Amino acid sequence: MAADIGINIWINEERYEKLKEAGLADMAEEVLAGMKRIQIKCTEEQKDEILKKYPSAKFDASTTRTIELLPRDVKDKIFEIAISKKSTGPDVIEEFLKS
């Protein structure tokens with residue numbers, strides 16, 4: 001049950017402050033032109049469940065191995081769970097799927 005699939009969440013200044021408060025600021029990686037992101041990991045099973053629940057979402061299997069096109073409110077909820085759990089691992093997605 002490898003967790004090599006990700007959900008990218010872009011980090012603005014407000015989110016970066018929350019990451020710093022949670023001690024997770026070092027997990028934000030600079031990607032392009034000063035824009036930062038964190039990547040929440042999920043398992044193959046969690047990916048399948050997310051894609052089933054959100055038909056507009058897509059999985060990029062060929063390059064990034066990330067789930068794309070999730071609704072903003074979904075990413076906001078995932079981000080909040082990551083902050084509360086102080087984690088970017090599959091446990092975040094597990095809790096999200098239960099809610």
Side-chain angles (χ1 to χ4, degrees):
M1 198 162 82
D4 63 342
I5 298 165
I7 297 172
N8 290 327
I9 298 181
W10 293 97
I11 304 301
N12 59 20
E13 287 182 30
E14 179 185 336
R15 283 184 171 170
Y16 191 68
E17 287 304 313
K18 288 182 178 183
L19 284 173
K20 286 199 302 193
E21 289 169 17
L24 299 174
D26 59 328
M27 291 186 171
E29 55 186 337
E30 194 164 317
V31 183
L32 49 101
M35 292 182 66
K36 295 181 185 324
R37 73 166 183 216
I38 61 170
Q39 191 170 85
I40 308 298
K41 296 297 185 181
C42 67
T43 65
E44 190 75 30
E45 294 81 8
Q46 290 171 331
K47 171 197 66 113
D48 293 343
E49 198 170 334
I50 288 171
L51 293 177
K52 191 171 161 184
K53 194 170 186 175
Y54 301 98
S56 65
K58 304 289 180 234
F59 176 61
D60 179 353
S62 60
T63 56
T64 61
R65 292 196 49 80
T66 57
I67 299 171
E68 305 294 336
L69 306 176
L70 282 169
R72 181 184 172 105
D73 63 322
V74 169
K75 286 191 170 191
D76 289 346
K77 176 81 173 158
I78 291 170
F79 179 77
E80 291 303 322
I81 294 169
I83 293 298
S84 71
K85 293 182 91 46
K86 298 182 191 264
S87 172
T88 58
D91 57 318
V92 172
I93 301 303
E94 184 177 327
E95 184 168 322
F96 169 75
L97 289 170
K98 287 179 184 174
S99 65

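Numbering starts at 1 and runs along the sequence shown. Remember, predicted model here, so these are calculated numbers, not experimental data. FYI, side chains are in, hydrogens and waters are out, and symmetry mates aren't considered; it's all heavy atoms of this structure.
In plain terms, the two heavy atoms of C42 and I93 that are nearest each other are CB-CG1, 3.8 Å. When all heavy atoms are compared, the tightest approach of I9 to K75 is CD1-O, 3.7 Å. When every heavy atom of P90 is checked against every heavy atom of Q46, the shortest pair comes out as O-NE2, 3.0 Å. Between R15 and W10 the shortest heavy-atom distance is NH1-O, 2.8 Å. For the residue pair K52 and P55, the shortest heavy atom distance occurs at O-CD, 4.2 Å.
Heavy atoms from other residues, nucleotides or ligands lying under 6.0 Å from NZ of K77 number 12 at most. Remark: E30 CD is packed, more than 12 non-hydrogen atoms of other residues, nucleotides or ligands lying under 6.0 Å away.
Scanning for side-chain hydrogen bond (donor to acceptor under 3.5 Å, both in side chains) contacts around S84 gives an empty result, with sequence neighbours left out. Remark: K53 engages no residue in a side-chain hydrogen bond (donor to acceptor under 3.5 Å, both in side chains) (not counting sequence neighbours).
The CD1 atom of I11 sits 10.5 Å away from the CZ atom of R37 when rounded to the nearest 0.5 Å. To the nearest 0.5 angstrom, K85 atom NZ is 8.5 Å from I81 atom CD1. Rounded to the nearest 0.5 Å, atoms CD (E44) and CZ (R65) are 6.0 Å apart. Once rounded to the nearest 0.5 Å, the distance linking CG of D48 with OG1 of T43 reads 8.0 Å. Once rounded to the nearest 0.5 Å, the distance linking OG1 of T66 with NZ of K41 reads 9.5 Å.
By the 4.5 Å heavy-atom criterion applied to side chains, S62 and D60 are counted as neighbours. At least one side-chain heavy atom of F59 sits under 4.5 Å from a side-chain heavy atom of I5. For the pair I83/L19, a side-chain contact is recorded, criterion being any heavy-atom separation below 4.5 Å from C-beta on. At least one side-chain heavy atom of I7 sits less than 4.5 Å from a side-chain heavy atom of I50.
Using a 4.0 Å cut-off between charged nitrogen and carboxylate oxygen, K20 and E17 count as a salt-bridge pair. Between D4 and K47, no side-chain nitrogen of the basic residue sits less than 4.0 Å from a carboxylate oxygen of the acidic one, so the salt-bridge criterion is not met.
The cluster map of Ile, Leu, Val, Met, Phe, Trp and Tyr, joined by side-chain heavy atoms under 4.5 Å apart, puts I67 and L69 in different clusters. I40 and L97 fall within the same hydrophobic cluster, where Ile, Leu, Val, Met, Phe, Trp and Tyr residues are linked whenever their side-chain heavy atoms come under 4.5 Å apart, directly or through other members. Following chains of ILVMFWY side-chain contacts shorter than 4.5 Å, one can reach F79 starting from Y54, so the two form part of one hydrophobic cluster.
The backbone N or O of G89 lies less than 3.5 Å from a partner atom in the side chain of S87, making a donor-acceptor pair.
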